[in-house]
Amino acid sequence: MAISSSFFACSLQGSMAAPKTLNCYKELLCNRSNLFFKQSGCIESMYQSHSRLLPHSVLSKWEQTDQFDRIQCHSLEVETAPSFSIGKKFQLDDVIEAQQFNRDILGAIFEVANDMEKIENNYPGSQILKGYLMATLFYEPSTRTRLSFESAMKRLGGEVLTTENAREFSSAAKGETLEDTIRTVEGYSDIIVMRHFESGAARRAAAIAGIPIINAGDGPGQHPTQALLDVYTIEREVGKLDGIKVALVGDLANGRTVRSLAYLLAKYQDVRIYFVAPDVVKMKGVEWEESSDLMEVASECDVVYQTRIQKERFGERLDLYEEARGKYIVDQAVLDVMQKHAVVMHPLPRLDEITVEVDRDPRAAYFRQAKNGLYIRMALLKLLLLGW
């Protein structure tokens, strides 16, 4: 298959915070790993029918058909403004997907993350989670996500039970179902952080668990905590979230990070997103103007969010991987056309899609981005276990 490159641009219009009644008049079609937007008016958060994924203060009316996982929102009614008072219960029971969050909750979580940074900077930290146990179930490799969650728990006084490669070194290798594993592990812990190779696995776990489940990435599905730290980083680096321009570059078909990030950016006003990807890994189901000029896009954007071409998602089609790899690289030439306030971000790990010379530039934000993951995950553990 001959490879070509694609550039897509779309405008995302957020909604005002905490409306009494919001008429959406639009559909969100989800085909597992692919996104399909049909917009008329505004983009607002959509939720699947699992009640544990809904904020407690929100009542939605929707229609769903199993064949296409179609959800049509007619209206969104908020009985009362969300309460973020100290001691109040967190609005979510689990963290499974980016669609669970609204702008108010995001802002409140970011404030807690700021507090967590102060705790982390003041050794020996906090003991607010003393006596709590977190289990990490990782069926796929991870460095930053697993270690940052474990560090977050320990810095708040909690303890960790961990399995690094549950796909090979747990009872899953003997054929145990995910549901049985969750039912067993929840008996040993107070919260479960799980990464799985199948899209939708975190939702399955949350459906049967009696303790909070945090999705640390489910195959090509979503990675909501990465999206939270990404938005938090953008706000800290750029100074705002409304009216920004963001380039999502690289593996957009398999990238759970960019999918979750796009959902969260939709909560803010006048956000413009550019999709830049080789044809074989472009965002599915989105038809927009095409271009092959990363330099032009980089010169206009506040954020260049680079991603790795994910070899592990290609199976035996390594020829397609080789065609896609190296198509778009952020190097000194890209930095030269970027604006002075703009930043380069990456969920990491990287291969050769960002050259090492970029690291020296103050606009290289990806290691600061990784550090912010600690504060966001400390905040989520605190909120899910103790509340506000």
Side-chain angles (χ1 to χ4, degrees), residues 32-33 52-53 92-100 133-154 158 160-173 176-186 188-209 211-230 251 253-261 263-264 307-308 310-315 346-350 369-370 372-374 376-381 384:
R32 300 297 180 188
S33 63
R52 282 171 62 89
L53 305 186
L92 304 176
D93 293 314
D94 310 284
V95 174
I96 304 301
E97 58 192 8
Q99 297 97 305
Q100 293 175 264
L133 282 170
M134 178 187 74
T136 54
L137 286 174
F138 279 66
Y139 293 81
E140 284 190 325
S142 172
T143 301
R144 279 151 296 278
T145 301
R146 184 174 63 85
L147 291 181
S148 65
F149 265 115
E150 294 180 1
S151 175
M153 190 66 176
K154 288 181 175 292
V160 175
L161 305 173
T162 185
T163 174
E164 182 177 358
N165 193 347
R167 192 172 187 174
E168 296 182 17
F169 301 112
S170 75
S171 291
E176 183 176 59
T177 66
L178 173 64
E179 286 77 7
D180 283 359
T181 299
I182 295 298
R183 288 189 179 101
T184 301
V185 174
E186 71 174 340
Y188 309 145
S189 57
D190 302 292
I191 189 169
I192 295 174
V193 179
M194 186 181 79
R195 170 168 291 183
H196 204 274
F197 51 88
E198 292 181 356
S199 179
R203 181 181 296 278
R204 287 168 51 200
I208 53 93
I211 63 175
I213 300 292
I214 298 179
N215 180 8
D218 57 344
Q222 287 210 40
H223 197 346
T225 68
Q226 179 70 46
L228 287 171
L229 75 90
D230 289 342
D251 193 341
N254 300 307
R256 56 196 174 204
T257 59
V258 293
R259 183 169 297 105
S260 295
L261 177 57
Y263 273 125
L264 289 192
T307 64
R308 172 179 64 92
Q310 299 183 42
K311 183 177 181 180
E312 63 271 23
R313 308 295 181 201
F314 283 80
H346 194 303
L348 302 176
R350 68 170 167 184
Q369 175 187 355
N372 289 337
L374 173 63
I376 286 291
R377 287 159 180 149
M378 288 172 71
L380 289 175
L381 291 174
L384 286 166

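Counting begins at 1 with the first residue of the sequence.
Counting only N and O atoms by type, the side chains of Asp218 and Gln222 include no donor and acceptor under 3.5 Å apart. Using a 3.5 Å distance cut-off with no hydrogens or angles, the side chains of Glu97 and Asn215 do not pair a donor with an acceptor. Side-chain contact of Thr181 with Glu176: a donor-acceptor pair under 3.5 Å is present, judged by distance alone.
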Stepwise side-chain contact (heavy atoms from CB on, under 4.5 Å) check, Leu381 with Ile191: CA-CA 8 Å; Leu381 291 174; Ile191 189 169; 3.8 Å; yes

Stepwise side-chain contact (heavy atoms from CB on, under 4.5 Å) test for Met134 and Lys154: CA-CA 10 Å; Met134 178 187 74; Lys154 288 181 175 292; over 6 Å; no

Intermediate values then yes/no, side-chain contact (heavy atoms from CB on, under 4.5 Å), Leu178 and Tyr139: CA-CA 10 Å; Leu178 173 64; Tyr139 293 81; 3.9 Å; yes

Residue pair Leu228, Leu380: steps toward the side-chain contact (heavy atoms from CB on, under 4.5 Å) verdict: CA-CA 10 Å; Leu228 287 171; Leu380 289 175; 3.8 Å; yes

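Of the options Thr225, Thr162, Leu374, Val160, a side chain to side chain contact (heavy atoms under 4.5 Å, CB included) to Phe149 is made by Thr225 and by none of the others. Checked options Arg195, Arg146, Glu150; the residue passing with Thr136 is Glu150 (criterion: side chain to side chain donor-acceptor pair (under 3.5 Å)).
Checking side-chain atoms of Asn372 against main-chain N and O of Leu229 turns up no donor-acceptor pair under 3.5 Å. Of the possible polar contacts, one joining the Ser189 side chain to the Val185 backbone as a donor-acceptor pair under 3.5 Å is found. Here the side chain of Ser148 pairs a donor or acceptor atom with the backbone of Arg144 at under 3.5 angstrom.
Of the inter-residue distances, the one linking Thr307 atom OG1 with His346 atom NE2 reads 6.5 Å to the nearest 0.5 angstrom. The CZ atom of Phe197 lies 8.0 Å from the CD atom of Glu140; values are rounded to the nearest 0.5 Å. Here the CE atom belonging to Met378 is positioned 11.0 Å from the CD1 atom belonging to Ile376, to the nearest 0.5 angstrom.
Put simply, the side chain of Ile96 does not reach to within 4.5 Å of the side chain of Pro224, judged on heavy atoms. With contacts defined as side-chain heavy-atom distances shorter than 4.5 Å, the pair Tyr188/Leu161 qualifies. Side-chain contact check for Ile208 versus Arg204: every heavy-atom pair is 4.5 Å or farther apart. When side chains are defined from C-beta on, Val193 does not count as touching Leu137, because their heavy atoms never get closer than 4.5 Å. Residues Thr145 and His223 form a side-chain contact, since some pair of their non-hydrogen atoms from C-beta on lies under 4.5 Å apart. Inter-residue side-chain proximity for Pro349 and Arg308 is flagged as met; some heavy-atom pair is nearer than 4.5 Å. Counting heavy atoms from C-beta outward, Val95 and Leu384 have side chains that approach closer than 4.5 Å. No side-chain heavy atom of Asp94 sits less than 4.5 Å from a side-chain heavy atom of Ile214.
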